[in-house]
Amino acid sequence: MRFNLLLGVGALCLLSACASTPMASLPRPPLAVETFTAERPARVRNLMIIVHDDVKGGGPVDYADFARRAAAAAPDSAAVVVMRPGYADLDGPVSPGERARGIGDGYGSAEVELLGQSVQALRARYRNARAILVGHGGGAALAANLAARRPGLVDAMLLVGCPCALPEWRQYMARRDRAFAASVDSLDPLQTVGGIATTARVGIVSGNDKARVPARIARLYAEALALRGIAVEYRQVSGDMPLLESDDVIQLLARLTENAARNESRT
């Protein structure tokens, strides 16, 4: 089931079979979201919060196929795609804020704050669920910065094709596109990594060294996490297929979900 959270409350209830807590009394995410689940919010045990990549050319965000696969990765799950500032999905409203130019911008403090508020609101809505933050590309950089700024907000994090050593990645991209030489106010995840909780569980998936985000960039961040004693699993996908279509991503998401459930049962 697919719906946009910024629909009117009555329409939303028809689509999602509202839980006992009235929807109107729950905080609304400041960013637009699109939700994929067949479960009532109170019955969801695994909440996959997906933060999309940069989308150039002013086009809409279309993560429906991946979100459905993510929701099917574990029982009793929901996948929610959060529209970054200035972005919209195929059907819904535009998230507030200025849209990034796609040159490594849009990962700054203001964007991290909006994402954090949205994740917090989703956690209130899915109050019985463990939260796994899934970031792709630029969305992975935002997710990593959020995990550092607000440790403990989510139970696990999966970063796919993350430009998490941002200056190094932008220098690499500037050799292909001079627009990347412009200054930006983004936070570098490699510099904020010290804020991530040592109890965090992180999965990282990258392409090869010829990918848009080379494997060496992703490994720098994985190594920084490991040096802090953080449990991190890194996988490199060979070939030229889009990373989100790789079975490694869904397998690692399922593993993170299982580990989060196991940790919860121990507490």
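- When the options Val249, Leu133, Ile250 are evaluated for a side chain to side chain contact (heavy atoms under 4.5 Å, CB included) with Leu158, the one that passes is Val249.
- Cation-pi geometry between Arg43 and Tyr126 is not satisfied (NZ or CZ under 6.0 Å from the ring centre, within 45° of the ring normal).
- For the residue pair Tyr107 and Asp54, a side-chain donor N or O sits within less than 3.5 Å of a side-chain acceptor on the partner.
- Atom CD1 of residue Ile103 and atom CG of residue Asp177 lie 8.0 Å apart, to the nearest 0.5 angstrom.
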(request) Determine, stepwise, if the pair Arg123 / Asp155 fulfils side-chain contact (heavy atoms from CB on, under 4.5 Å). (result) CA-CA 11 Å; Arg123 296 221 65 171; Asp155 299 288; 3.1 Å; yes

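- Residue Glu258 holds its CD atom at 9.5 Å from CG of Asn46, rounded to the nearest 0.5 Å.
- Contact annotation: the side chain of Ile132 never approaches that of Leu47 to less than 4.5 Å [non-hydrogen atoms, C-beta and beyond].
- Residues Ala88 and Pro93 approach most closely at CB-O, 3.5 Å, considering heavy atoms.
- Leu114 is listed as a side-chain neighbour of Pro85, based on a closest heavy-atom distance under 4.5 Å.
- Atom-to-atom distance recorded for Arg216:CZ and Glu223:CD is 12.5 Å, nearest 0.5 angstrom.
- In this structure, SG on Cys164 lies 7.5 Å from CG on Asn145, to the nearest 0.5 angstrom.
- Here Arg125 contributes atom CZ and Gln120 contributes atom CD; the two are 13.5 Å apart, rounded to the nearest 0.5 Å.
- Defined by atom type and a distance below 3.5 Å, a donor-acceptor pair is present between the side-chain atoms of Arg149 and Ser109.
- Side chain of Asp188 to main chain of Leu166: a donor-acceptor pair is present (N/O by atom type, distance under 3.5 Å, no hydrogens or angles).
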(request) Test Arg235 against Asp248 for salt bridge (charged side-chain N to carboxylate O under 4.0 Å, His left out), laying out the working first. (result) CA-CA 7 Å; Arg235 296 189 185 186; Asp248 287 271; 3.5 Å; yes

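- Side-chain heavy atoms closer than 4.5 Å link hydrophobic residues (I, L, V, M, F, W, Y) into clusters, and following such links, even through other members, never connects Val237 to Leu220.
- Applying the salt bridge (Lys or Arg N to Asp or Glu O under 4.0 Å) criterion to Arg150, with sequence neighbours excluded, gives no partner residue.
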(request) Test side-chain contact (heavy atoms from CB on, under 4.5 Å) on Val82 and Val33 and set out the steps. (result) CA-CA 5 Å; Val82 178; Val33 303; 4.0 Å; yes

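- Of the residues Ile49, Val134, Leu146, Ile196, the one that meets the side chain to side chain contact (heavy atoms under 4.5 Å, CB included) test with Met157 is Ile196.
- Residues Tyr172 and Pro214 are in side-chain contact: their nearest non-hydrogen atoms beyond the backbone lie under 4.5 Å apart.
- Leu190 and Ala224 make their closest contact through CD1-CB, 3.7 Å (heavy atoms, listed as atom of the first residue, atom of the second, distance).
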(request) Please test Leu159 against Tyr221 for side-chain contact (heavy atoms from CB on, under 4.5 Å), starting from the C-alpha separation and ending with a verdict. (result) CA-CA 10 Å; Leu159 306 176; Tyr221 191 71; 3.6 Å; yes

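- More than 12 heavy atoms of other residues, nucleotides or ligands lie within 6.0 Å of CD in Gln251, so this atom counts as buried by the packing criterion.
- The environment of Asp65 atom CG is sparse: at most 12 non-hydrogen atoms of other residues, nucleotides or ligands sit within 6.0 angstrom.
- Side-chain polar atoms of Asp105 and Ser186 form no donor-acceptor pair below 3.5 angstrom.
- One N or O on the side chain of Ser77 and one on the backbone of Pro75 form a donor-acceptor pair closer than 3.5 Å.
- Between Pro163 and Ala141, the closest heavy-atom pair is CG-CB, 4.2 Å.
- Checked by atom type and distance alone, the side chain of Asn128 pairs as donor or acceptor with a backbone atom of Ala42 at under 3.5 Å.
- Panel note: side chain Thr192, backbone Ala148; no donor-acceptor pair is recorded below 3.5 Å.
- Between the side chain of Arg170 and the main chain of Phe180, a donor-acceptor pair closer than 3.5 Å is present.
- For the pair Ser118 (side chain) and Leu31 (backbone), a donor-acceptor distance under 3.5 Å is present.
- Within the 6.0 Å centre-distance limit, the rings of Tyr63 and His136 are counted as a close aromatic pair.
- Two residues are said to be in side-chain contact when any heavy atoms from C-beta on lie closer than 4.5 Å; Val80 and Met48 fail this criterion.
- A heavy-atom distance below 4.5 Å is found between the side chains of Phe66 and Ile50.
- Proximity of Gln236 to Arg219: side-chain heavy atoms (C-beta onward) are separated by under 4.5 Å at one or more points.
- Judged by distance alone, with hydrogens and angles left aside, the side-chain atoms of Trp169 form a donor-acceptor pair with the main-chain N or O of Arg212 at under 3.5 Å.
- No more than 12 heavy atoms of other residues, nucleotides or ligands sit less than 6.0 Å from atom NZ of Lys210.
- Taking all atoms of both residues into account, the shortest heavy-atom contact from Ala218 to Ile204 is CB-CG2, 4.2 Å.
- Considering all non-hydrogen atoms of both residues, Ala73 and Leu253 come closest at CB-CD2, 4.3 Å.
- You'll find the side chain of Leu142 reaches within 4.5 Å of the side chain of Glu111, heavy atoms only.
- With hydrogens and angles ignored, the 3.5 Å screen pairs a side-chain donor or acceptor of Ser95 with a backbone N or O of Ala32.
- Among all heavy-atom pairs drawn from Ala143 and Gly135, the shortest one is CB-CA, 4.3 Å.
- Checking side-chain atoms of His52 against main-chain N and O of Arg84 turns up a donor-acceptor pair under 3.5 Å.
- Here the CE atom belonging to Met173 is positioned 12.5 Å from the CZ atom belonging to Arg178, to the nearest 0.5 angstrom.
- The shortest distance between side-chain heavy atoms of Val202 and Leu256 does not fall below 4.5 Å.
- Although no hydrogens or angles enter the test, the distance criterion places a donor-acceptor pair under 3.5 Å between the side chain of Tyr87 and the main chain of Val55.
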